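Below is one structure, written out as structure tokens, with a few remarks after it.
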Amino acid sequence: MTNTVTELNPRRWAALAVLSASLLLITMDMTILNVALPQISADLRPGAVELLWMIDVYSLVVAGLLVAVSALGDRWGRKRMLVSGFVLFGLASVAVLWADSPAEVIAVRALLGVGGAMIMPSTLSMIRNLFTDARERATALGVWAAMAAVGGALGPIVGGLLLEAFSWHAAFLVNVPVMAVAVVTGLLLLPESRNPDPGRWDALGTVLSMVGMIALVYAIKHVATEGLDAWTALTAVLAAVTLTWFVRRCLGRPDPLLEIRLFRGGAFTSGTLAAFTTSIAMAGMMLLMVQWAQLVQGYSPLQTGLAMLPMAVGSAVLSPLAPALATRIGARTVLAGGLVIGGLGFVVLWVAPTTYLWVAVSILLIGAGMGSLAIASAVIMAGAPAEKAGSAAAIEETSYEIGGTFGVAVLGSLAAALYRAELPENATDAVRESLGGALAAARAIGSSDLAAQATLAFTESLRTTSLYGAVLMLLAAVAVWWRTPARLDLATAQH
């Protein structure tokens, strides 16, 4: 069957609104949970393992399904996959009304992960097929990237407002009306598209991709929380074996489940690298910044969300403008320059006094640097033929997912080690474990000196970790500049 999207679909901008709104909600939902966790814990009394699974199961499911679901969407129909994801996400959100145990909440989160895996790459691949004009596609992807950034920042704010008025169930139920509207408007506005010649379905490759990605994400998360033990090592070996087998299988087939050969293009590789490294830096630093705001500054969850708004403002302003800037000064300059600006934001956090004014300047620059991801998406999609849009979307979303997991694990573990190094040698295990544990211990014994020592140690670890984030961003900028073709013009990139 041939692709049913016309060259210039008259409803493409209305369709973009549907795709962007759904992405906004998905990214909001990821951060709303962080605000709702204290209430969920107080109500359901989950154990430590159950609480960890509430947090991790979503990303594990998404990572495991991205490749398979994207390939299935190329065959079954991207519109069908997207609308089905809307339906499943909405139904899973309703199901939380009957969840009265930690296991049931974990099951709901897993279903949300399935829906998220169906939605996220489908939005990207549909934009690639809706906007056949490269200049328009770059603009559309700028809007898409802005919605992703704004959603992440709005999540804590919306979550804080909801939880002040309602129970923790509201953090899930807010999805329902938006998904209902998305289903109706999606059916009316979105055209169907699929790969006209997808080839045979690779059942073994599907299993390898799912097992490998789940094992990889689990190993990264486990090493961050439990350290390098036998189970972590076994999971990492399983991930290495299955993913290596999967890549070799894809390279050896004429109709691979995932088109690994897209990495032969320098522009595609640089766009993916930009997305991956930015996700590492952003996820790790946002984790630390939220802790700094709540534990050091004493902000409430709602105040913390508002404090992080400069990052969303920077990204929301720069993302839509990035394609126009790329037309004037070149895509390579915007992509590498955005990474440099984000890196400078981390430098500000390292060298400036740790007051909110300077933190706001820092995260504003970081958010502006994230605007370059609009060009990263455009470069990635320009480097993929329309029939391979599902593979390109899966690779980009996987780079975000794995990058975010790496960021929390690597930068979070680094910050924890630096925090412990700043403490006196006679500090108790509870104090050395985390800043939250230290403050609880200080309150228990009435020691303001201990609280001051712990907060100072955490602040210094935050500043030093930001230096490593800056180095990562700047090294990525150099690599992206080197790999991106100097004359890459997104306005003429057609396939």
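The structure presented is a predicted model; accordingly, all values stated were derived computationally and were not measured. All values below were derived from every heavy atom in this structure, side-chain atoms included, with hydrogens, water molecules and symmetry-related copies excluded.
For the pair L88/M118, a side-chain contact is recorded, criterion being any heavy-atom separation below 4.5 Å from C-beta on. In this structure, the side chains of L204 and F246 stay at 4.5 Å or more apart for every pair of heavy atoms.
Atom CD1 of I280 and atom CG of L472 lie 5.5 Å apart (nearest 0.5 Å). Distance check, rounded to the nearest 0.5 Å: CG of L66 to OH of Y400 gives 12.5 Å. Rounded to the nearest 0.5 Å, atoms CH2 (W201) and CG (L72) are 5.0 Å apart. In this structure, the separation between CG on L19 and CG on L82 is 6.0 Å, given to the nearest 0.5 Å. For the atom pair CE (M370) and CD1 (I363), the distance works out to 11.0 Å, reported to the nearest 0.5 Å.
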(request) Run the numbers on W13 and F131 for ring pair (Phe, Tyr, Trp, His ring centres under 6.0 Å), then give the verdict. (result) CA-CA 9 Å; W13 294 108; F131 292 89; 4.8 Å; yes
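When every heavy atom of M54 is checked against every heavy atom of I106, the shortest pair comes out as CG-CG1, 3.8 Å. Taking both residues in full, the closest heavy atoms of S22 and T123 are given as OG-CG2, 3.8 Å, listed atom of the first, atom of the second, then distance. The two residues S20 and M147 have their closest heavy-atom pair at CB-CG, 3.5 Å. Minimum interatomic distance between L435 and L295 (heavy atoms only, all atoms of both residues): CD2-CB, 3.6 Å. Of all non-hydrogen atoms in A15 and L190, the two that sit nearest each other are CB-CD2, 3.4 Å.
In this structure, the side-chain contact (heavy atoms from CB on, under 4.5 Å) partners of V181, at least two apart in sequence or on a different chain, are T185.
With 3.5 Å as the limit, one finds no donor-acceptor pair spanning the side chains of Y356 and W292.
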